[in-house]
Amino acid sequence: MVTEMTSTQDRTNIQAKTGKNIDRVDGRLKVTGEACYSAEFPLEGIAHGYIIQSTIAKGTIEAIDTSQAEQLPGVLAILTHQNAPKLNSLKSKNFGGGYPGENFLPLQDNQVHFDGQHIGIVVAETYEQARLAASLIEINYDEAEPMFDLEQALEQSERYDPGERLQPSWGDIEGGLQQAAVTIEETYTTPLEHHNPMETSATTAEWHDDELTVYDSTQWVMGTRGMIARGLGLPEEKVRVISHFVGGGFGCKGFFWTHPLLAAIAARKVNRPVRLMLTRQQMFSSCGHRPRTVQKITLGADNEGKLTAIRHHTDTETSFVGDHAEPCGNITKMLYACPNMEIKHQIARTNTGTPTPMRGPGETSGTYALEAALDELAVKAGIDPMEFRIINHADRHPQSDKPWSSKHLIECYQRAADAFGWQNRDPRPGSMREGDDLIGWGMATATYPGYRFPTAAKAQILANGKVIVSSATHDLGTGTYTIMTQIAADTLGLPIERVKFELGDSKLPIASVSGGSSTAASVSPAVRSACEAACFKLIEMAIADNESPLHDYQAEEITTEAGRIFVKESPEIGETYEAVLQRHNLPLVEAEISPQDKGSRYKSIAARTKPGIVEDEGGSDEFAIHSFGAHFVEVRINPRRNQVKVSRVVGAFDVGRILNQKTARSQIYGGTIFGIGMALMEETLLDPHSGRVIIHNLADYHVPIQADIPEMETIFVEYPDYHLNPLGARGIGEIATAGIAAAVVNAIYHATGKRVRDLPITPDKLL
Amino acid sequence: MSTPDSNRHFSILDQMPIAEAPNASLGSDRTIAVKLKVNETEHELQLEPCVTLLDTLREYLGLTGTKKGCDHGQCGACTVLVEGERVVSCLSLAAAHQGEEITTIEGLAKDNKLHPMQSAFIKHDGFQCGYCTPGQIMSAVGLIAEGQAQTDGEIKELMSGNICRCGAYLGILSAIKEVKEVTA
Amino acid sequence: MKHFTYERASDRTDAITQVAANPQAKFIAGGTNFMDMWKEGVETPERLIDIRKFPGEITVTDGTLRLDATTTNSQVAYHSQVRDRYPVLSEAILAGASPQLRNMATTGGNLMQRNRCSYFHDVSYPCNKRVPNSGCPAIEGINRMHAIFGTSDRCIAAHPSDMCVALAALGAVVQTRKPDGETRNIAFKDFHLLPGDTPHIETALEHGELIEAVEIPPLPWAKRSHYLKVRDRHSYAYALVSAAVALEIEGDKIVNARVAMGGVGTKPWRSPEAENALIGAKNNEESFIAAASAALEGAKPYQYNVFKIELAQSTLVQALLTVNSEQ
């Protein structure tokens with residue numbers, strides 16, 4: 001079937017560059033420092049903003065004294081709730097219940113809902129003056145008792161109801177447990193974690209009369225435009241959002257936060273462009289985090305190791321000003337075949353900032369707990385952990401019973417296990433050593449849904465022979481510039497150098513949020529169609545033109561390659577793109593491909609990406625669409641130092657067609673490292689008395705550094721998935737983060753015999 | 001498209017007419033003259049003494065290739081060379097580096113030809129989002145000049161002052177090894 | 001982020017005179033620790049006197065190694081005399097911070113390094129170090145990284161330096177010059193002060209007193225020494241615990257020993273208890289365990305740092321085993 005699809009749908013010269021190890025087309029800009037990020041646009045007369053934040057987690061602002069700050073040289077304006085403009089609610093039925101992210105509007109009243117809430121902005125001539133002025137503003141609060149202990153909040157606080165889709169169950173869970181020969185019931189916890197992209201969120205805002213241009217570090221230019229326009233009460237066409245380069249996002253730049261609005265208001269106030277770059281400290285309370293979870297997992301399996309019951313209860317949190325559900329159980333219900341299933345999520349409101357998706361929302365925290373629990377059950381059943389997973393392989397989607405669009409998970413297990421040397425594993429904990437070091441081998445499954453969102457693109461063939469293709473999508477380091485250039489070049493049979501791909505500008509054809517690992521799968525078909533459509537226009541022009549050698553041929557007889565259109569059967573009959581355009585005295589020919597169903601389905605982008613309502617599986621009515629993979633991990637631990645060293649990781653992934661081997665591999669390495677950080681070191685702590693974020697810098701919030709990095713090998717089992725799109729590609733940004741923490745934890749157990757069920761596993765937890 | 005569904009509609013245009021914008025503020029009287037030599041070019045600046053080398057490069061000289069990732073010496077994105085040694089420019093005062101040779105990422109390529117480390121980073125995909133990249137490259141150039149790293153383990157340890165949240169560390173390591181072998 | 005005036009001093013006398021003249025003036029050299037805290041609003045000087053360009057030399061006289069205060073961490077760590085004669089010092093320096101920071105940070109600055117308590121670093125909290133008698137939220141707060149030795153009911157912040165742990169073990173001497181021109185030698189153990197009732201007074205220095213150099217006694221047997229650090233990631237992180245050890249072994253007996261620990265004390269924590277337990281004992285694991293046990297006697301943990309006792313013991317044992325297996 002797959003072969004058939006290849007021959008019919010994969011019809012152009014798509015093999016030439018797509019899939020190859022091509023260097024990033026934006027590489028030179030990045031290695032020379034010329035790539036321009038949002039805080040770096042050189043605008044005339046720019047002023048600098050600095051955010052004022054609350055220093056309590058809950059209460060009322062009684063007074064703000066800005067008098068001392070106002071006297072400082074260079075200070076242009078100070079905006080607080082006392083003098084800020086009224087803004088329009090982002091909640092609206094026109095947007096399916098509100099934009100995703102935090103619908104909270106800044107400076108509208110004197111209420112404080114979490115520590116670090118934005119309660120004002122200072123604008124000054126220089127950054128130094130703005131920062132100093134912000135430090136001199138005195139605020140008096142009427143402090144209230146904040147709710148921040150998760151356990152207490154679940155008992156006493158308001159709840160957020162994420163709806164029935166996060167509470168599925170089937171079969172008879174108690175009956176399943178009674179049938180089981182082995183059972184386990186354990187609780188796994190994950191801490192509050194922060195994305196910490198290297199570029200902090202930044203907005204530069206500039207007004208020209210009643211038109212606003214915003215250079216924003218965002219994963220969603222169209223969404224940011226809509227939210228700014230709505231908040232400020234402007235028509236959308238009066239707002240332009242530009243985001244050519246994003247210095248990493250991982251989710252925290254995906255949805256709406258208050259700083260773009262504050263920058264826009266401040267720029268209006270001083271009638272000058274304003275640059276607002278959040279500090280690293282401010283990133284810990286300004287743009288979301290992965291919320292804390294407490295996950296209780298109950299599993300049962302029969303004598304053959306077949307799962308008879310899976311129960312996965314997640315307790316987690318959201319804020320008082322935004323709705324987010326970390327859907328940890330979403331993966332549990334689809335990963336293994338089991339007749340009896342019970343998934344529950346309870347979400348308490350706490351006085352924290354609003355959580356937001358962070359590289360695998362639900363998939364990452366959820367697979368950690370599930371895959372660690374599964375390892376415990378496999379050990380108890382005396383079955384090899386990989387074998388145990390193969391026994392419980394889900395041949396169809398367990399909930400919907402739909403067939404998978406393309407699933408090769410067993411091949412992933414086997415190829416990764418072979419490359420890793422899994423057959424040499426002695427299953428006894430503590431049995432493998434080298435010198436003083438204990439060695440542990442662990443594995444886990446990875447999965448992530450295949451999403452594709454409606455996307456538009458435009459292709460322009462220029463009279464000078466160059467091609468410009470564009471879409472309002474993003475490159476977060478994910479390789480979008482490069483892979484779209486490859487696809488456009490292949491569609492037209494052109495060398496890479498003749499194609500330029502433009503993105504990150506709300507003036508370009510509409511695209512969705514770069515989240516949910518959706519960009520490659522969503523944008524690439526639009527790019528290809530737009531290129532084909534533009535070329536087709538040229539062909540039609542040539543056919544109709546009696547000066548063209550192609551005059552009076554049929555369109556079906558003509559193809560393109562290397563910048564020429566020519567007769568398939570007689571390639572010498574044809575002409576270049578330039579020739580056609582020059583003869584018609586045209587600077588270019590262009591074609592734009594719109595999302596097929598712009599109306600109702602387009603609006604649903606917001607709903608579909610709303611935090612907490614992650615789709616069960618991407619794709620069609622006929623198929624369940626997921627990517628799969630397997631991680632195998634080796635750890636080494638000196639039993640006196642108790643510091644875990646991940647020394648080797650081998651992963652195999654079934655992610656559809658690979659569009660660029662080099663950038664794809666980098667995504668897998670990066671996702672894996674992100675998960676190693678989660679397993680071993682990442683944790684944001686709250687002060688136990690004030691509920692305030694007490695870890696808020698990169699010296700105390702540890703992310704992996706070069707010395708932590710293992711040897712890594714990545715295998716792609718390449719099966720194009722044409723049910724998701726005509727290129728057969730599924731997204732790849734998040735799957736490697738799912739499962740890796742469990743693989744590390746399982747390896748630590750194998751090395752030490754200790755089960756640590758509370759991340760991160762720092763040296764103190766192995767004593 | 002953005003018709004509000006509430007009865008009230010607030011427009012920033014009505015509430016904040018541009019005509020009411022404040023006049024230019026008082027300048028600072030506390031600036032001092034600072035002479036800096038960056039990428040072989042002399043600059044004369046008037047700066048407050050507290051301005052860091054990083055902010056001077058980015059905000060006063062337009063050299064935004066040097067990145068601000070944490071502003072506290074905890075990430076390495078702002079790494080530049082001072083007298084050939086790698087330092088973090090966020091914890092350096094501009095005024096303190098008068099009379100010294102400062103090299104930033106913009107000064108690495110000569111006559112439009114990339115430095116071998118820049119080419120190697122592209123070849124080995126030693127970056128993703130690109131934001132830590134100038135700091136990684138400057139640090140790598142400094143590392144090779146120091147000559148203290150021989151093994152993979154030593155390179156990794158001595159490149160641990162540069163965080164890459166995208167996790168491009170393997171490509172970075174490969175790029176450095178390649179350049180090191182060529183220059184050895 | 002209070003703004004300051006700045007001047008580069010022409011020589012030591014000029015520097016001392018200028019700082020002594022203004023109670024709100026400070027010396028600055030590498031600036032790595034100061035700038036971090038200045039941006040946080042923790043450091044608020046009116047005036048900075050830059051001494052970074054003073055000559056920074058490493059010299060040896062009669063076996064004593066002299067490090068000028070403005071020698072950089074990298075310069076010291078990679079110096080052949082330091083590597084050969086005091087590996088513990090080289091290893092300790094290289095276990096701290098990052099290459100970029102070590103290229104900037106100086107010997108004198110390392111001695112003046114201030115703690116990493118999250119409450120100290122956030123001016124929106126009370127802190128007895130910053131504002132005497134305002135309170136200490138760390139005692140009942142997040143105190144995982146805090147000290148278990150030398151604490152008081154006013155302050156429990158751990159001293160953050162790695163280099164100073166090695167200097168404590170080696171019994172270094174700090175040479176200073178006071179505004180009145182008098183020079184003095186301060187034994188390393190007397191340089192840093194316990195918090196007691198005055199946690200805001202951190203060192204024995206007077207205002208305007210300049211560190212000129214650090215001297216390390218000959219100690220020929222310190223070539224058998226080692227620094228071991230345990231942290232939350234494999235580099236570029238502060239110590240959970242660390243151990244600086246040196247052993248002189250004759251036959252199967254330990255005849256001389258130095259033991260200091262990092263991450264556990266409110267100052268670099270030398271352990272005469274462990275040294276006494278080692279001297280005269282056999283150089284085997286049993287002795288090392290006994291010494292580690294002696295070293296941690298009297299430790300006073302807090303809610304989140306109880307682990308430091310066991311972790312410090314096992315780290316000490318590992319460090320001693322490593323030194324013992326050398327040669």
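Only a predicted model underlies this, so the values are computations on that prediction, with no experimental measurement involved. Heavy-atom basis, side chains included; hydrogens, waters and symmetry copies ignored. Throughout, protein chains are lettered first and strands after them, A, B, ... in sequence-line order, and every chain is numbered starting at 1.
B/Gln128 touches chain A through backbone and side chain together, each having a heavy atom under 4.5 Å away. Interface residue B/Asp125: backbone and side-chain heavy atoms are both found under 4.5 Å from chain A. Only the backbone of A/Leu476 comes within less than 4.5 Å of a heavy atom in chain B; its side chain stays farther off. Of the atoms belonging to A/Pro704, heavy atoms from both backbone and side chain fall under 4.5 Å from chain B. Heavy-atom distances place the backbone of A/Ala35, and not its side chain, under 4.5 Å from chain B. In this structure, the portion of A/Leu87 lying under 4.5 Å from any heavy atom of chain B is its backbone and not its side chain. Looking at A/Thr279, neither its backbone nor its side chain comes within 4.5 Å of chain B, counting heavy atoms on both sides. At a 4.5 Å heavy-atom cutoff, the contact between B/Glu59 and chain A is made by side-chain atoms alone. With a 4.5 angstrom heavy-atom cutoff, A/Asp209 touches chain B only via backbone atoms.
In this structure the side chain of A/Trp207 never reaches within 4.5 angstrom of the side chain of A/Arg272, judged on heavy atoms. Counting heavy atoms from C-beta outward, A/Tyr127 and A/Met277 have side chains that stay 4.5 Å or more apart.
A ring-centre distance under 6.0 Å is found for A/Phe674 and A/Phe250. Ring pair A/Phe245/A/Tyr481: centre-to-centre distance below 6.0 Å.
Checked by atom type, the side-chain pair A/Arg665/A/Asn21 shows no donor-acceptor distance below 3.5 Å. Side-chain polar atoms of B/Asn39 and B/Thr104 form a donor-acceptor pair below 3.5 angstrom. Remark: the A/Glu682 side chain and the A/His702 side chain contain no N/O donor-acceptor pair separated by less than 3.5 Å. Looking at B/Glu100 and B/His97, their side chains do bring a donor and an acceptor atom within 3.5 Å of each other. Using modelled atom types, one finds a donor on one side chain and an acceptor on the other under 3.5 Å when comparing B/Gln46 with B/Thr31.
Of the residues considered (A/Arg275, A/Glu711, A/Arg359), A/Arg275 shows the highest number of contacts with chain B, using heavy-atom pairs under 4.5 Å.
Ion pairing between A/Glu199 and B/Lys68 fails under the 4.0 Å rule for side-chain N and carboxylate O. We find that A/Asp23 and B/Lys123 are not joined by a salt bridge, their nearest charged nitrogen and carboxylate oxygen being 4.0 Å or further apart.
Residues of residues 131-160 of chain B that come within less than 4.5 angstrom of chain A, heavy atom to heavy atom, are B/Tyr131, B/Cys132, B/Thr133, B/Pro134, B/Ile137, B/Lys156, B/Glu157, B/Met159, B/Ser160 in numerical order. Contacts with chain A (heavy atom to heavy atom, under 4.5 Å) involve these residues of residues 72-89 of chain B, listed by number: B/His72, B/Gln74, B/Cys75.
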